[in-house]
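These notes concern the structure reproduced below.
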Protein chains: 2
Amino acid sequence: MKLSSQEEYGLRCLLQLARQAPGESLSIPEISQAEGISHHNVAKLLRILRQGGLVDSARGQHGGYTLAKPPNQITVADAINVLGGRLFDDGFCDHFSGDGDNCTHSLAACSVRALWGQVQQAVDQVLAKTTLDDLLRQGHALASEDALLEISA
Amino acid sequence: MKLSSQEEYGLRCLLQLARQAPGESLSIPEISQAEGISHHNVAKLLRILRQGGLVDSARGQHGGYTLAKPPNQITVADAINVLGGRLFDDGFCDHFSGDGDNCTHSLAACSVRALWGQVQQAVDQVLAKTTLDDLLRQGHALASEDALLEISA
DNA sequence: TTCAATCTTGACTTTTTCGTCAGGATTCAT
DNA sequence: ATGAATCCTGACGAAAAAGTCAAGATTGAA
């Protein structure tokens, strides 16, 4: 239950773009240098983000990348979903191959499934409340109790 | 941001043990058959759980595994910590190698760090409230709103 | 003692994920 | 047109995770 490298670096690339003034774009080499990630890897991450609809790209001499929406309309949950998928995907119980056909024979397996659903909800409630803009402006303030209290709202 | 296979299967093994009457043990082949995991893999998972102090083992002809504590004293958080480590470990910012020395030069990087801390808290609050015993007895009831409301407690 | 059932360990193989690469396509300035 | 700067794509190699294996150690029963 860890962040993948793709999630960590991809989110950093997004944040670099979010720090640009509206209309300004960044090229791969610029992001690469700012984040200390190789050009090739930045290119791959941006490809994923573009295919996920989070960034737009422009080719040519003055090309580069921009966010597809304003930073306050992109949540961290959006980014994670594009970069790494959800904690608990729908095929979960298919992995199971015990002495029954599926998880219905096993109370244990299915109670685990219910738990993950709950964990997923808790995670989503934090991630879906936080936009790129929040991250840039709030910084440390984000970890305050206020935000935690809102989880149950 | 996914559960590792080790976490999923390891937790299932724990739940099998939790379903035994106190004092009863299960052998590797028994768990293997019940969960549809190979003997070897079950052995590896139980080794990890034993080293983490969650299960006890007995060798010899009537050997097997038992939980180290009653099921209502082992939380899912305990299990995940042993099986897969925490979402956000302390070396997190060391990965960073941008054009400064560490994350202090970059507001973006550090605000991400604050966010993960918050996500970790939210996840822990769900996982630390749920014991193996809860999972066995409650099943679906676990996903009720009651549990969610308690997150902010 | 001898044997069968069981756990223990370290090393190995396979699979998945991550990062890299080379070649191509597009745009714009000259 | 030509060339420089940029993004685009599919395929390759490296690293990490997952799973397997073989040989050994312990226990209890016959």
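Everything numeric in this text was worked out from a predicted model, so none of it was measured. Residue numbers begin at 1 in each chain, while the letters A, B, ... track the order of the sequences.
Rounded to the nearest 0.5 angstrom, B/L127 CG and B/Q125 CD are separated by 10.5 Å.
Only A/R59, A/G60, A/Q61, A/H62, listed by number, bring a heavy atom of residues 58-68 of chain A to less than 4.0 angstrom from any atom of DNA chain C.
As a whole-Å value, the separation of A/L26 CG from D/dC7 C1' is 14 Å. Protein atom CD1 of B/I31 is 13 Å distant from nucleotide atom C1' of C/dT6, rounded to whole Å. Separating the CD1 atom of B/I28 from the P atom of C/dT9 is a distance of 12 Å, rounded to the nearest angstrom. What separates CZ of B/R50 from C1' of D/dA25 is a distance of 13 Å, to the nearest Å.
Here the side chain of B/E7 pairs a donor or acceptor atom with the backbone of A/M1 at under 3.5 angstrom. For the pair B/K2 (side chain) and A/G84 (backbone), a donor-acceptor distance under 3.5 Å is present.
Residues A/L67 and A/L132 form a side-chain contact, since some pair of their non-hydrogen atoms from C-beta on lies under 4.5 Å apart.
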Base versus backbone protein contacts along nucleotides 12-21 of chain D [heavy-atom cut-off under 4.0 Å; B, S, -]: ------SBBB
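Using a 4.0 Å heavy-atom criterion, one finds that A/L46 contacts no nucleic acid atom at all.
Comparing the helix axis at one end of the helix from C/dT1-D/dA30 to C/dT30-D/dA1 with that at the other, each defined from 5 consecutive pairs, gives an inter-axis angle of 10° (nearest 10°).
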